[in-house]
Amino acid sequence: MINFLNLEYFLAASEELNFTKAAKRLYISQQSLSCHISNLEREFGIALFNRTSPLTLTYAGQILKKRARQMLELREETYQEIADIKDFTKGQLTIGMSHTRGRKILPQILPVYQERFPNIDLHLREGNSIELDSALLHGDVDLVIGMLPFKAENVETIPICEEEILLVVPDSALERTYPGQLEELKARLSENADLSLVQDCPFLLINPGNRVRTLADEMFTEAQINPRVILETENIETCLALALKGMGITFYPKMFMSGQEKPGRENTRPQGAVFMNTSFYHLNSPKAHGTLGIGCHKGHYMSQATKEFIQIAKEYM
């Protein structure tokens, strides 16, 4: 009979393809890990690893890696489902979202959730869009909050609210790039924030893999612009802070902004709100307007803890 612990250890070794790294990840000795792998190989009567340098999986090992992940996920889902049926008094919820979005969204949801369900252990997994899509696909998170659509396959999406990406333009960046044209350009941007008006300016962009960067790249391609990117960073707040200091132009989600920074509207026309000699403009591209939503894997059991979180998010967002 297959031992689940043996499977867990095998899966770690198959992912690392290095017994030393896998043992360190599992907090066990390399000798103990080798023993568990040997037990599995004896049970199946076939080698699972080619003991070469670097370590590789045999064909049997490749098959078991796929099945081991499925069996361990099924075991976890079974325990969750039975616990939900028994009583919804204990459980856990792992939420995936970007490094920055949590500060705006979670304070609206988690205090209410924790008050209603104090015995649910909450965990937060932060990362960029690609990392979170992968975590959702492999069952490392119960749900992901981000801009739709999610790139992972078999994802059920629940729309939460509208989202918009704004163009952040410091006066000094315009003046350096287009001397003597500052007021004219600001007026034109207020009327119609077209990227072609600022195509020669320096840009500060969040790293590839983040949803805002993906949308920015798509808008550049749409406008046939090859931007002059002077800095890339994983933190979108760094982009904004440097833009406010006049270093360059950036993109920033409207949801993240405080009231005094948000651009207003007059006679339904986008207007540039000025903050510290920096203006925030509504872009005219449809790609700048989207929907924030929650994603759950269709093939995984949705726990009661996850269902309750989604309900509260829909109520309070």
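If you're wondering where the values come from, they're calculated on a predicted model, not measured in any experiment. Index from 1, following the sequence.
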Any Lys/Arg nitrogen of Glu308 or Lys314 sitting under 4.0 Å from an Asp/Glu carboxylate oxygen of the other?
no

Partners meeting side-chain contact (heavy atoms from CB on, under 4.5 Å) with Thr100 (sequence neighbours left out)
Arg103, Asn235, Ile236, Glu237, Phe256

Pair Arg116 + Glu315, salt bridge at N-O below 4.0 Å
yes

Ring geometry between Phe203 and Phe220 (parallel below 30°, tilted from 30 to 60°, perpendicular above 60°):
perpendicular

Quiz: residues 293-300 side-chain donor-acceptor pairs under 3.5 angstrom, not counting sequence neighbours:
from   : atom 1 : to     : atom 2 : distance (Å)
His297 : ND1    : Gly299 : N      : 2.9

Treating Gln108 as the side-chain partner and Lys104 as the backbone partner, does any N or O pair qualify as donor plus acceptor under 3.5 Å?
yes

Arg176 side-chain N/O to Gly246 backbone N/O, donor-acceptor pair under 3.5 Å:
yes

Are any side-chain N or O atoms of Asn6 and backbone N or O atoms of Leu40, one a donor and one an acceptor, separated by less than 3.5 Å?
no

Go through the structure and list residues passing side-chain contact (heavy atoms from CB on, under 4.5 Å) with Glu234, not counting sequence neighbours.
His99, Asn128, Asn207, Asn210

Hydrophobic cluster (4.5 angstrom, side-chain heavy atoms) - remaining members for Leu148:
Leu132, Leu136, Val141, Val144, Phe150, Val155

Applying side-chain contact (heavy atoms from CB on, under 4.5 Å), can you list everything that pairs with Glu76, at least two apart in sequence or on another chain?
Gln80

Check: Thr78 side chain, Leu74 main-chain N or O, donor-acceptor pair, under 3.5 Å
yes

Identify, with sequence neighbours excluded, every residue that meets side-chain contact (heavy atoms from CB on, under 4.5 Å) alongside Arg188.
Glu184, Leu197

So which residues get pulled into Ile130's cluster when ILVMFWY side chains under 4.5 Å apart are joined, directly or through others?
none

Using the salt bridge (Lys or Arg N to Asp or Glu O under 4.0 Å) criterion, which residues pair with Glu232? Sequence neighbours excluded.
Arg213

Side-chain donor-acceptor pairs of residues 56-65 under 3.5 Å, sequence neighbours excluded:
from  : atom 1 : to    : atom 2 : distance (Å)
Thr56 : OG1    : Asn50 : ND2    : 3.1
Thr58 : OG1    : Ala47 : O      : 2.8
Thr58 : OG1    : Leu48 : O      : 3.3
Thr58 : OG1    : Ala60 : N      : 3.4
Thr58 : OG1    : Gly61 : N      : 3.1

With Asp194, which residues qualify under side-chain hydrogen bond (donor to acceptor under 3.5 Å, both in side chains), at least two apart?
Ser196

Side-chain donor-acceptor pair present, Ser303, Thr306, cut-off under 3.5 Å
yes

Ser134: what forms a side-chain hydrogen bond (donor to acceptor under 3.5 Å, both in side chains) with it, not counting sequence neighbours?
His138

Whether over 12 other heavy atoms sit under 6.0 Å from Asp121 CG:
yes

Side chain to side chain donor-acceptor pair (under 3.5 Å) partner of Glu163, chosen from His289, Arg211, Arg101:
Arg101

Sequence neighbours excluded, the answer for ring-ring contact (aromatic ring centres under 6.0 Å, His included) partners of Phe19 is Phe49

Taking atom types as modelled, find out whether Glu126 and Ser98 have a side-chain donor-acceptor pair closer than 3.5 angstrom.
no

Are the charged groups of Arg75 and Glu8 less than 4.0 angstrom apart, N to O?
yes

